Structure formats: C-alpha cells, structure tokens
Amino acid sequence: MVVGDIATGTEVLVIGAGPGGYVAAIRAAQNGLDTTLVEKDAYGGTCLNYGCIPSKALITGADLAHEAGNAEEMGIHADPVVDMSQLRDWKNGVVDQLTGGVEKLCKANGVNLVEGTARFKDENAVRIAHGGEGQGSETIEFEHCIIATGSRVIQIPGFDFGDEPVWSSRDALEADTVPERLVVVGGGYIGMELSTTFAKLGADVTVVEMLDDILPGYESDVARVVRKRAEDLGIDMHFGEGASGWRDEDDGIMVTTETEDGEENEYRADKVLVAVGRSPVTDTMDIESAGLEADDRGFLSVDECRRTDVEHIYAVGDVVEDTPMLAHVASKEGIVAAEHIAGEPVAFDSQAVPAAVFTDPEIGTVGMTEADAEEAGFTPVVGQMPFRASGRALTTNHADGFVRVVADEESGFVLGAQIVGPEASELIAELAFAIEMGATLEDVASTIHTHPTLAEAVMEAAENALGQAIHTLNR
C-alpha cells in the first residue's frame with residue numbers, strides 16, 4: 001500500500017543534515033522557531049559519515065601502527081599486525097557514536113526530523129520522497145528554507161566508481177583489506193591524506209597529479225615538507241600527468257596516464273583511488289521551481305547573511321560559491337543563516353578562516369601568506385620557527401616543518417600564519433584567534449606559553465618576526 005502525499009508546515013526547513021544543516025537546524029530551534037530537518041542518507045552528512053571523521057580515525061590507526069614498527073631509534077622494536085577489518089569496525093563505531101549524537105541533539109532541541117529526498121515544488125514548498133517501496137511522500141510548506149546539501153566526489157572519464165577496482169575516497173575508507181599496489185589520481189589534500197595512510201598500512205602507493213606539485217593552493221615550501229615525507233614513506237609521485245583510463249591485467253589492473261605532450265605512461269595496481277575534488281549538490285532539488293539558478297559549476301550565490309536571490313531561501317556550506325569546502329565554515333554559515341531568520345543582527349564576517357590538512361606532517365593555515373599581504377598593500381614582516389629547534393617536537397620524534405607568522409610591519413597586527421609540522425591542525429587555532437581578535441606580534445610573543453610544548457613555536461615565530469627570538473636565529 002502506497003501512502004498518499006500529505007502536507008505539513010514549518011517555519012524553517014533545512015535540507016541536508018551535514019555540519020552546515022544540522023547546526024543551522026539546532027540554532028534555529030534554539031531561537032524558538034519551528035524547525036524541520038530533512039536528510040536522505042545519514043545524520044552528520046559526508047563529513048561525519050564518509051569524510052572528515054572516518055578518515056581521521058583511519059589515519060590515527062595507520063600512524064599508530066607505523067610508529068610502533070619504526071621506533072628502533074628509541075630502542076623500541078615491534079612488528080605490528082594491522083587487522084583492517086577490526087580497524088574498520090572501530091572506525092565505524094566512532095562514526096556511529098557521533099551520528100547517533102547528532103540525531104539526539106536535534107531531537108533534544110526540538111528539531112523535527114524527516115528522512116527523504118527534497119525537491120522544490122515552488123518557492124514556499126518542497127515535496128519529500130521517502131525512501132523504500134511504499135513509503136510515499138509528503139509536502140512541507142515553509143516560511144524560510146536553508147539549503148545545506150553539501151558536495152559529492154568528482155568522477156573523471158574512464159573511471160567509473162561502480163567498477164570494483166576504482167575507488168572513491170568513500171570506498172577507500174570502507175576497505176577491509178590493504179591493496180598491495182594503489183594508484184592515487186590527484187595530489188590534493190584528500191589524495192595525499194589517503195596516500196600517506198595506505199603507505200603506512202603497507203601499500204605500494206603511486207600518486208599521479210596533473211599539476212607540477214602536490215597540494216595546489218599551498219606555498220611551495222609547505223608542500224615540500226609533506227612531499228619529502230611522502231617520498232620517505234616510499235610513495236612514488238608523478239607530475240604533469242592526467243589519468244586517462246585503466247584496464248584489467250592478469251595480476252591486477254593497469255592505469256594509464258597522459259601528459260600534455262601526449263606521452264603515455266602505465267602503472268600497475270590492484271586499486272585506483274580517484275581523488276580530484278568535489279562538486280556542489282544542487283542538481284537534485286529542482287531549485288529552478290523555487291526561482292533559484294546555480295552557476296555553471298553548480299554553486300549558489302548568497303549575501304553576507306547567506307540569503308540567495310530568493311530572499312527567504314538561504315544556502316550554506318559546500319553549495320555556496322567562493323566559500324572553502326570546510327565543515328567548520330558550513331557550521332558557521334548555518335548559525336548565521338539561522339540567527340538571521342530569527343531576527344538577529346548577524347553576518348558572515350570572519351576575519352580569517354583556518355584550514356587543516358591531515359597529512360604527515362600536518363598543515364594548518366589561516367589568513368594571508370606573505371605574497372597575499374603584499375598584494376593587499378601591506379608591508380609584511382615574517383617570523384619563522386623550525387620544529388627542529390623545538391624541544392617538545394624533538395621529544396615526539398616529529399621535528400619536520402615550521403611555524404610561520406605573517407604580520408603588518410607598521411601596526412604589528414597578525415595577518416596570517418602557515419604551519420607544517422606536528423599537531424599543526426591544533427596549533428593554528430591560536431593564530432586564527434589572534435587574527436580574529438586583532439592581536440599584534442607583541443601580544444602573541446608576550447603571552448607566556450607552557451614549556452615544553454609545541455605551542456612555544458608559535459610564540460618563537462612571533463618573536464622572530466620582532467627580531468627577538470631566543471631559540472632560533474633572527475632574520
């Protein structure tokens with residue numbers, strides 16, 4: 001028996017329960033608004049279920065196994081065996097705990113949860129198709145709507161994710177065995193995180209990248225530290241090559257690539273992981289019926305309050321143009337949209353947005369580089385502290401990389417920072433806070449930092465910019 005289409009109403013309808021959507025829904029409900037959250041797959045979205053969280057869990061396991069098996073210098077001798085099936089189960093347990101937590105938080109805050117796929121009927125209503133045979137559909141009318149449908153992995157010609165040897169990042173995170181040979185297409189942050197992880201788990205990894213270096217968008221000396229470490233792990237990297245296809249072989253598959261000059265190369269593998277980026281999901285909702293139009297890449301245009309061209313419809317997260325595809329950005333945008341709907345005087349006006357890459361070593365960045373500062377009209381002053389001069393870094397046996405702070409020479413205001421090294425993802429928070437609060441180099445340098453810690457390198461970098469460093473040579 002098919003359930004007929006019924007109609008209900010809500011003040012705020014949120015489409016998508018990822019880090020932008022569920023945060024927006026909770027904040028809207030906290031502001032006393034009747035809020036409905038629609039999700040077609042899993043609470044927490046791609047980040048929690050198939051990206052940020054499971055990848056970090058897998059990275060943690062790989063790091064632990066690799067360090068235990070490579071600590072002879074410390075007098076520690078071990079030969080760890082990784083049970084990938086058990087590691088996957090542990091990783092899934094972490095994910096399940098967090099997804100369950102998201103659902104409980106939504107319910108506890110009074111958010112109405114609806115499972116299904118939303119399509120706009122017009123600018124004031126959506127039709128929700130419920131999954132499963134005979135589950136029917138319903139119409140939800142809304143006063144305000146927040147689109148938070150996120151993004152999907154980009155598929156390239158010749159590599160169908162439906163083919164067994166071809167992995168997306170999601171497939172790689174669900175692996176219960178380690179391939180003997182893995183070709184990774186793409187040297188961006190997702191490709192490099194997973195390349196490093198599988199190399200530590202014992203795979204023979206080859207990376208092919210169309211550009212001339214890994215990690216496009218990051219400064220060359222930052223990428224160089226990560227590339228050197230990847231090479232030390234045995235990862236073979238080939239630049240200026242685009243993947244063109246693959247074919248079955250008696251002992252696995254053969255991945256073919258081509259250069260701009262038409263030169264072809266071949267690499268043997270058991271699996272090929274395609275990690276060339278993500279694209280926004282705006283093509284599944286009939287947004288035209290609501291009067292919306294995405295650009296040629298699928299992104300939606302919004303104002304500082306995250307309103308689209310249709311004033312009562314908002315968009316947050318990966319579907320927004322000119323916004324980094326970062327979970328924490330989506331969450332902040334979700335809060336801004338929800339509070340604006342509630343009548344609060346808010347706008348998305350953060351001074352700087354931090355970003356992290358969980359490679360080995362990690363990367364953390366925020367604000368301007370030296371080149372950015374010069375282009376913006378500042379006269380930048382730069383301070384740097386190498387981790388090889390950090391006592392704490394040496395005691396962890398992870399001393400590659402550095403902390404770099406960029407500031408305005410005249411005012412001393414911190415403009416940006418680049419960290420590559422141990423715990424960079426955590427250390428960057430101090431400098432993001434410094435930029436947001438309008439701190440100066442002197443503020444950072446004069447703040448007493450705990451010894452011995454990695455965070456002292458932040459203080460030393462600020463002192464270096466001032467020409468007052470004690471534990472590294474002043475520039």
Side-chain angles (χ1 to χ4, degrees), residues 3 5-46 102-103 105-131 135-151 280-294 300-303 305-320 330-344 346:
V3 179
D5 195 338
I6 60 175
T8 58
T10 188
E11 288 182 282
V12 180
L13 175 70
V14 182
I15 305 175
Y22 84 77
V23 169
I26 289 174
R27 181 51 55 88
Q30 288 174 341
N31 277 278
L33 298 169
D34 180 66
T35 304
T36 300
L37 176 61
V38 180
E39 172 55 48
K40 69 175 183 178
D41 184 11
Y43 296 107
T46 295
V102 168
E103 186 173 358
L105 284 170
C106 288
K107 290 179 177 178
N109 281 279
V111 177
N112 306 306
L113 301 179
V114 176
E115 295 184 7
T117 302
R119 291 182 179 273
F120 285 98
K121 295 178 68 174
D122 53 46
E123 66 176 33
N124 291 110
V126 297
R127 183 174 181 271
I128 310 296
H130 299 298
Q135 294 300 306
S137 63
E138 65 179 296
T139 294
I140 300 179
E141 298 174 348
F142 57 82
E143 296 178 22
H144 303 274
C145 178
I146 300 174
I147 297 171
T149 44
S151 60
V281 177
T282 52
D283 57 351
T284 63
M285 297 175 288
D286 292 337
I287 60 173
E288 296 81 8
S289 297
L292 295 170
E293 183 178 355
L300 294 171
S301 175
V302 298
D303 66 11
C305 300
R306 275 21 196 177
R307 286 178 297 188
T308 66
D309 294 334
V310 179
E311 194 172 60
H312 64 283
I313 299 179
Y314 296 67
V316 302
D318 290 1
V319 300
V320 175
S331 295
K332 180 63 176 179
E333 290 180 321
I335 289 172
V336 168
E339 292 185 346
H340 189 262
I341 291 170
E344 298 291 332
V346 296

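Quantities reported herein were computed from a predicted structural model and do not represent experimental measurements. For reference, positions follow the sequence shown, starting with 1.
In this structure, Gly9 and Asp34 approach most closely via the heavy-atom pair O-OD2, 3.8 Å. The shortest non-hydrogen separation linking Val38 to Gly116 is CG1-O, 3.4 Å. Closest approach of Pro280 to Val319, counting heavy atoms only: CB-CA, 3.9 Å. Taking all atoms of both residues into account, the shortest heavy-atom contact from Gly334 to Ala24 is O-CB, 3.4 Å. Pairing each heavy atom of Thr10 with each of Ile140, the nearest pair is CG2-CG2, 3.7 Å. Nearest approach of Val310 to Ala290, heavy atoms of both residues: CG2-O, 3.3 Å.
For Glu344, the CD atom is densely surrounded, since the number of other residues' heavy atoms within 6.0 Å is greater than 12. Glu115 CD: 12 or fewer foreign heavy atoms inside a 6.0 Å radius.
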**Request:** Please test Asp41 against Glu39 for side-chain contact (heavy atoms from CB on, under 4.5 Å), starting from the C-alpha separation and ending with a verdict.
**Result:** CA-CA 6 Å; Asp41 184 11; Glu39 172 55 48; 3.4 Å; yes

**Request:** Apply side-chain contact (heavy atoms from CB on, under 4.5 Å) to the pair Cys145 and Ile15, showing each step before the final yes or no.
**Result:** CA-CA 8 Å; Cys145 178; Ile15 305 175; 3.8 Å; yes

**Request:** List the steps, then state whether side chain to side chain donor-acceptor pair (under 3.5 Å) holds for Glu138 with His130.
**Result:** CA-CA 8 Å; Glu138 65 179 296; His130 299 298; 2.9 Å; yes

**Prompt:** Does the side-chain contact (heavy atoms from CB on, under 4.5 Å) test come out yes or no for Thr284 and Thr117, once each step is laid out?
**Reply:** CA-CA 9 Å; Thr284 63; Thr117 302; 5.5 Å; no

**Message:** Go through it in stages, so that I can follow the logic: the residues are Phe120 and Ile287, the test is side-chain contact (heavy atoms from CB on, under 4.5 Å), and I'd like the CA-CA distance, side-chain angles, deciding distance and then a yes or no.
**Reply:** CA-CA 6 Å; Phe120 285 98; Ile287 60 173; 4.2 Å; yes

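Although no hydrogens or angles enter the test, the distance criterion places a donor-acceptor pair under 3.5 Å between the side chain of Glu333 and the main chain of Gly317. Remark: side-chain polar atoms of Thr149 are paired, donor with acceptor, to backbone N or O of Val281 under 3.5 angstrom.
Considering only heavy atoms from C-beta on, Arg27 comes within 4.5 Å of Glu339 through its side chain. Leu300 places none of its side-chain heavy atoms less than 4.5 Å from the side chain of Asp309. Side-chain contact check for Ile147 versus Leu292: some heavy-atom pair is nearer than 4.5 Å. Looking only at side-chain heavy atoms (C-beta outward), Val346 and Cys305 stay at 4.5 Å or farther from each other. Using a 4.5 Å heavy-atom cutoff, the side chains of Ile146 and Ile341 are in contact.
Within the model, atoms CG of Leu37 and CG of Leu113 stand 6.0 Å from one another, a figure rounded to the nearest 0.5 Å. Atoms CZ and CG, from Arg127 and Asp122 in turn, are 13.5 Å apart once rounded to the nearest 0.5 Å. Expressed to the nearest 0.5 Å, how far CZ of Arg119 lies from OG1 of Thr139 amounts to 13.5 Å. Rounding to the nearest 0.5 angstrom, the gap separating the CD1 atom in Ile313 from the NE2 atom in His144 is 11.0 Å. Distance check, rounded to the nearest 0.5 Å: CG of Leu13 to CD of Glu141 gives 11.5 Å. Considering CZ of Arg306 and CD1 of Ile335, their distance stands at 13.0 Å, rounded to 0.5 Å.
Classified by interplanar angle (parallel below 30°, tilted 30° to 60°, perpendicular above 60°), the ring pair His312/Phe142 is tilted.
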